Amino acid sequence: MERLPQRCDGEAPATEQPGRRRTGPPGTSLQPPRHLQEPRIAAELKRGDFSRWQQGRGYCVQEEFIAGEPARIFLFRISERWHVGYKTLSDYFVYHDTPGLLCSRIYWHHVVGRLDTFRTSDTGVRVTFHPLDVTGRRAAFDAISSTTPIVHPFATHDESGLEETSPPDGWPVTEERADSLNVAEEHLRRYTRDLFGPLLSDATESITAYDPACSTGHFLADFAGINPARIRTVGQDLSREMVDYAARRLDEVHVGDAFDPAPAPGTVDVLFCRFLNSEVVSTRRAREILPRLVATVRDGGTVVLLGHSPVLLDVFDLENVGLRVAQTTARQDDYVFQYYVCHKAA
């Protein structure tokens with residue numbers, strides 16, 4: 001069946017309507033009614049209508065930790081001023097049943113204004129802000145550079161009140177699910193090729209690339225296409241099904257928790273962390289896993305953090321494990337997204 005064009009900016013495909021929420025493979029929980037409002041939220045953001053957040057003279061975004069999506073809220077700083085943004089849910093999720101609420105892409109209309117205050121409670125988060133007009137919002141968005149960290153400070157929680165994470169044994173895989181995941185990360189693969197292609201396409205020495213949560217293996221295999229003769233791929237995943245699927249396209253693949261990485265210390269040239277993210281692991285677990293993964297990287301090697309959902313680690317965390325952060329944000333087409341590029345100190 002022909003696939004409809006995919007977007008992540010809240011613009012509905014012409015022949016589709018928002019459907020059901022999937023928190024897992026097809027056949028699981030139904031989408032709450034609020035997700036049916038997603039195109040309306042996007043349209044309001046584009047025209048600068050913030051009336052849904054107006055309270056008296058001020059403006060206030062509130063999201064509950066369990067029933068809401070607090071990871072929609074992001075912050076960034078331009079010229080010593082903090083700005084607030086509010087992401088619309090991924091169209092891959094709203095229209096195409098792809099697991100995961102958020103897409104990594106951020107558009108100009110997701111910027112809403114300048115931060116005033118924020119406060120958390122037992123049940124959720126409240127962020128107050130001063131709205132900017134369209135010109136001001138576009139200017140703030142355009143000022144985001146490759147070294148402007150975009151921070152999602154609030155994680156979504158499960159019904160027990162803990163940060164939402166993946167199943168203990170990872171996610172199952174079907175051809176349909178693999179296809180959906182493959183489509184949803186196209187912009188990440190394209191940016192990665194564009195970034196590393198000029199650096200590695202003419203390499204004459206062997207390069208080991210390691211993905212400790214390799215999923216279907218498509219991402220790492222695509223990276224290896226930059227220089228197939230020299231780039232050796234090593235994958236690892238919690239899910240036995242994912243590992244079996246990825247084995248078709250990777251040189252080496254292992255079943256296991258990333259806390260116990262398969263490669264020996266100092267043997268990896270490029271490490272891709274695509275799972276230290278909201279809805280995959282908890283913030284505490286991400287901080288525990290990071291130094292163990294960095295230990296596999298050779299001195300002078302490269303560590304990249306990216307993903308569909310928000311990265312849980314900050315520059316502070318990365319520098320504290322001996323990494324030099326060269327980039328925090330990618331810009332491509334008409335959007336930006338988190339894409340950390342770090343180098344391990346010699």
Side-chain angles (χ1 to χ4, degrees), residues 8 21-24 29 31-32 34-35 38 41 53 60-77 82-90 92-94 98-106 110 112 115 117-129 149-168 170-171 184 212-213 238 257-259 273-291 293 305-318 320-321 328-329 336-340:
C8 192
R21 178 180 185 179
R22 306 291 189 188
T23 57
S29 60
Q31 173 173 279
R34 68 176 298 178
H35 294 78
E38 207 61 27
I41 295 173
W53 296 319
C60 171
V61 177
Q62 298 186 83
E63 287 285 342
E64 295 183 13
F65 286 131
I66 296 175
E69 285 100 24
R72 288 175 179 258
I73 301 168
F74 63 92
L75 307 175
F76 63 97
R77 187 168 59 180
W82 282 98
H83 292 71
V84 181
Y86 188 84
K87 293 183 67 172
T88 47
L89 300 188
S90 169
Y92 302 127
F93 168 78
V94 174
T98 298
L101 294 177
L102 299 175
C103 170
S104 62
R105 289 179 282 192
I106 292 174
H110 291 152
V112 298
L115 175 67
T117 65
F118 68 85
R119 184 177 295 274
T120 61
S121 68
D122 290 340
T123 59
V125 59
R126 185 189 73 183
V127 177
T128 62
F129 67 96
I150 297 172
V151 180
H152 294 258
F154 312 113
T156 300
H157 291 58
D158 61 25
E159 293 182 358
S160 68
L162 300 176
E163 288 184 48
E164 190 169 345
T165 62
S166 67
W171 285 296
L238 278 174
D257 193 316
F259 188 75
C273 295
R274 302 188 300 125
F275 74 106
L276 300 180
N277 303 67
S278 176
E279 302 178 44
V280 184
V281 298
S282 68
T283 302
R284 182 178 68 179
R285 190 61 171 169
R287 290 171 179 162
E288 292 171 346
I289 292 173
L290 178 65
L293 293 177
L305 293 90
L306 68 159
H308 300 289
S309 57
V311 176
L312 294 171
L313 303 172
D314 300 323
V315 171
F316 177 87
D317 301 298
L318 303 174
N320 277 354
V321 295
T328 62
T329 304
V336 297
F337 53 94
Q338 290 179 305
Y339 195 102
Y340 289 80

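Since we're looking at a predicted model, the values are computed, not measured. The basis for the numbers below is simple: all heavy atoms, side chains too, and nothing from hydrogens, waters or symmetry mates.
- By the salt bridge (charged side-chain N to carboxylate O under 4.0 Å, His left out) test, Glu288 pairs with Arg285, sequence neighbours left out.
- Using a 4.0 Å cut-off between charged side-chain N and carboxylate O, Lys87 and Glu63 make no salt bridge.
- In this structure, the side chain of Asp314 does not engage the main chain of Phe316 through any donor-acceptor pair within 3.5 Å.
- Taking Thr123 as the reference, Ser121 meet the side chain to side chain donor-acceptor pair (under 3.5 Å) condition, with sequence neighbours excluded.
- Nearest heavy-atom pair, Arg287 versus Asp317, reported as atom, atom and distance to 0.1 Å: NE-OD1, 3.4 Å.
- Here the closest non-hydrogen pair linking Thr165 and Val281 is CG2-C, 3.5 Å.
- By the ring pair (Phe, Tyr, Trp, His ring centres under 6.0 Å) test, Tyr339 is found to be paired with Tyr191, residues two or more places apart in sequence or in another chain being considered.
- Atoms CZ and OG, on Arg284 and Ser282 in that order, are 6.0 Å from each other to the nearest 0.5 Å.
- With contacts defined as side-chain heavy-atom distances shorter than 4.5 Å, the pair Val311/Leu306 does not qualify.
- In terms of heavy atoms, Phe337 sits closest to Ser104 at CB-O, 3.2 Å.
- A search for side chain to side chain donor-acceptor pair (under 3.5 Å) contacts involving Asp158 returns Ser160, not counting sequence neighbours.
- Remark: Thr283 pairs with Glu163 by the side chain to side chain donor-acceptor pair (under 3.5 Å) rule, at least two apart or across chains.
- In this structure, CG in Leu162 is found 7.5 Å from NE2 in His157, a value given to the nearest 0.5 Å.
- Residues Arg72 and Thr88 share a closest heavy-atom pair of NH1-CA, 3.9 Å.
- Residues Leu305 and Leu276 come closest through the heavy atom pair CD2-CD1, 4.3 Å.
- Here the shortest heavy-atom pairing between Thr156 and Glu69 reads OG1-CA, 4.1 Å.
- Contacts of Tyr340 classified as ring pair (Phe, Tyr, Trp, His ring centres under 6.0 Å), with partners at least two apart in sequence or in another chain: none.
- Side chain of Asn320 to main chain of Leu318: no donor-acceptor pair is present (N/O by atom type, distance under 3.5 Å, no hydrogens or angles).
- Of the possible donor and acceptor atoms, none in the side chain of Ser278 sits under 3.5 Å from a partner among the backbone N and O of Ala155.
- Annotation: side chain of Tyr86 is not in contact with side chain of Val127 (no heavy-atom distance under 4.5 Å).
- A distance of 5.5 Å separates CG in Leu290 from CG in Leu313, rounded to the nearest 0.5 Å.
- For the pair Leu75 and Pro153, the minimum side-chain heavy-atom distance is below 4.5 Å.
- Side chains of Thr128 and Thr117: a donor on one and an acceptor on the other come within 3.5 Å.
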